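In what follows, a single structure is set out as structure tokens and then discussed.
Only a predicted model underlies this, so the values are computations on that prediction, with no experimental measurement involved. Ligands are counted one by one from 1 in listed order, and the atoms in each one are counted from 1 as well.
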Amino acid sequence: MKNFYITTAIDYANGSPHLGHAYEKVLADVVARTQRLQGQKVHFLTGLDEHGQKVQQSARKEGVEPQALCDSIADEFTGMCRDLDISNDDYVRTTEPRHKRIVQKILQDLYDRGEIYKAEYKGYYSVRQEQFVQEKDKEDGEWPELFGEVTEITEENYFFKLSNYQDWLIDWLKSDEEVIFPAYRTKQVLEFLKDPLNDLCISRPKERLEWGIELPFDSGYVTYVWFDALVNYISAIGYGEDHFDKNWPVDHHIIGKDILVPAHAIYWPIMLKAAGLPLPKGYLVHGWWMMKGAKMSKSSGETLDPLELAQKYGADTFRYFVMREMTIGQDSDFSQELFSTRYTAELANDLGNLVSRFLNMTSRYSQGKVPVSTIDEDPEKNVRENWAATHAEYISQFSKFGFNRGLEKLFEFIRGLNQYAGLREPWKLAKSDDPSDAEKVSTALAVMGEGLRLSACLLTPVMPTISSKILELLGSSSCDTWDDRLCWGNSLDGAVVGEKVILFPRIED
Ligand code: MSP
């Protein structure tokens, strides 16, 4: 059976990871873990984009070899994945031989088929963007700041026949409205395609850029970064080898909105089509994390070290926050206040409190063992009905990338469990001699325990460590598959619960 294959963008090796990079990995990880819990075999790839002018320049500035700079940045990015509990199956670096070999193979294939040709090119070149720009890119007669220094140059280069595929690309995008999520982004791509496509210049003379993959048919040139970077999605899974179909075509390319057009929605499908390969099944395009109204990025100077947050509050808290806060497709402003508010209100007060109340009462009123539920009155029925609605809504939202809405619904259910405890008041009934009150205490504990068990199972893809911890405290095993573990039942009967712990300690800011 084919694996469910998901990829993230590969990050530029010209700076340290920030919240934007971390978010994309967490998002992809939540998709991967959700699929695994639903019984899919997943292949999850992420990696590092190491070539290009910016890396060459940064290395020069620091007085080190580009490879040495990339190695140290790769350590930072892989360290981030480890610290955020990202369950990627592979990590590809574009300086690896396995990648370079495939880039050269594709370039040679396309060259042999006449899809790549050499021509003289005269035009304006943006050093910062490493691309040729046109008069029409000017704003009020000036080159926008984004391009940095723009100079006129003439040089011989190699070009890829993008323009031949324009009509085909438009048909493909129109034929499959689901391929890009959110769907409104397809319109942006089609808008871009209203103007005729130019062929893509895919080479850089070595005098201008050394740090790249050499063209197999002309050693005087290296290939343009996008032609190198995009190929990671197939080089890492063994393009040209038997097992390639096990993963390809990709189910979701997970990327930020800045790199959809033209790279992922124009260059990439055309490269695949020209190489005779199946097209991606989906793109999941997220918005930006902003800080003080600006996109968080190395160049804006507004960055936030995700690992500082994860160290202070725990990786799972970080994961919860970004998934709860961002609506896929839209931008989100990061603020420390919002982070602290969600931490305190939702994680510490709603979830953490419920866990400690349950453990405390089970130890005091039931010798540390989850009792049997024997009563089924309106409060219990309500909790069960809420569970059924929550479960259905959560799964449905997660299947259409509405992670924030799914989590919102789950936390409503968790608050409902706290309210249920408030209604049953086992701490008062435990003092009574009436046997029917004892049954109510047992039932209340059993219902709270079961509700918590199910909540922890649903939370697993977002908060894998905390969920396992909660399940362990409840005397249950960690949740490896959703299946029937999401059915309301009595699976905790007699389970020995753990000692009371504080899962989300109060943070002094
Ligand atoms: N190297 C290219 C991608 C090549 S993919 C074949 C690149 N690298 S990047 O480091 O600039 O960005 C990597 C990913 O992080 C992109 O998907 C980008 O959209 C995402 N983010 C970078 N800054 C971001 C935010 N401030 N917010 C959310 N994600 C953003 O582009």
Side-chain angles (χ1 to χ4, degrees), residues 6-29 45-55 58 70 73-74 76-77 80-81 84 86 91-95 99 102-103 106 128-131 146 180 185 211-213 223-237 250 252-269 271-272 280 283-306 318 321-323 325-335:
I6 53 177
T7 66
T8 68
I10 51 171
D11 303 305
Y12 278 132
N14 69 332
S16 298
H18 59 64
L19 177 63
H21 302 124
Y23 167 68
E24 192 174 282
K25 308 292 173 299
V26 171
L27 170 62
D29 190 58
L45 174 73
T46 182
L48 200 62
D49 187 357
E50 307 191 7
H51 292 124
Q53 199 135 326
K54 287 178 199 154
V55 177
S58 302
C70 292
I73 292 198
E76 286 189 50
F77 274 92
M80 172 186 77
C81 289
L84 293 178
I86 306 299
Y91 193 88
V92 62
R93 296 181 52 186
T94 55
T95 48
H99 174 74
I102 301 291
V103 170
I106 296 219
R128 184 178 299 162
Q129 295 301 320
E130 298 174 36
Q131 67 183 37
L146 166 87
I180 302 179
R185 297 231 177 259
W211 186 237
I213 300 178
T223 194
Y224 167 54
V225 273
W226 279 111
F227 219 92
D228 167 351
L230 289 161
V231 173
N232 91 85
Y233 300 136
I234 57 175
S235 66
I237 54 166
V250 67
H252 298 305
H253 280 314
I254 299 177
I255 54 170
K257 64 179 186 179
D258 48 324
I259 56 170
L260 178 66
V261 184
H264 280 82
I266 297 194
Y267 304 162
W268 183 227
M271 284 163 71
L272 290 166
Y283 293 90
L284 175 53
V285 187
H286 61 79
W288 288 337
W289 281 96
M290 316 281 282
M291 238 176 142
K292 301 184 193 135
K295 180 191 174 207
M296 200 175 291
S297 72
K298 192 182 178 223
S299 41
S300 77
E302 290 295 351
T303 60
L304 187 104
D305 181 354
F318 175 81
F321 176 78
V322 291
M323 295 309 290
E325 198 51 39
M326 173 92 74
T327 303
I328 302 286
Q330 292 171 17
D331 296 342
S332 270
D333 216 53
F334 181 86
S335 90

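Between F321 and W289, the angle of the ring planes lies from 30° to 60°, which puts this pair in the tilted group.
Scored by the side-chain contact (heavy atoms from CB on, under 4.5 Å) test, V261 finds V189, F192, I266 as partners (sequence neighbours excluded). For V225, the side-chain contact (heavy atoms from CB on, under 4.5 Å) partners two or more places apart in sequence, or in a different chain, are E130. Under the side-chain contact (heavy atoms from CB on, under 4.5 Å) criterion, A22 pairs with M80, L84, P306, F318, not counting sequence neighbours.
Ordered by chain and residue number, the residues placing a heavy atom less than 4.0 Å from ligand 1 are A9, I10, D11, Y12, H18, G20, H21, E24, D49, W226, A229, L230, N232, Y233, I255, G256, D258, I259, H264, H286, G287, W288, W289, K295, M296.
Looking only at distances, a side-chain donor or acceptor of W211 sits under 3.5 Å from a matching main-chain atom of E50.
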Check against side-chain contact (heavy atoms from CB on, under 4.5 Å), D11 and I73: CA-CA 10 Å; D11 303 305; I73 292 198; over 6 Å; no

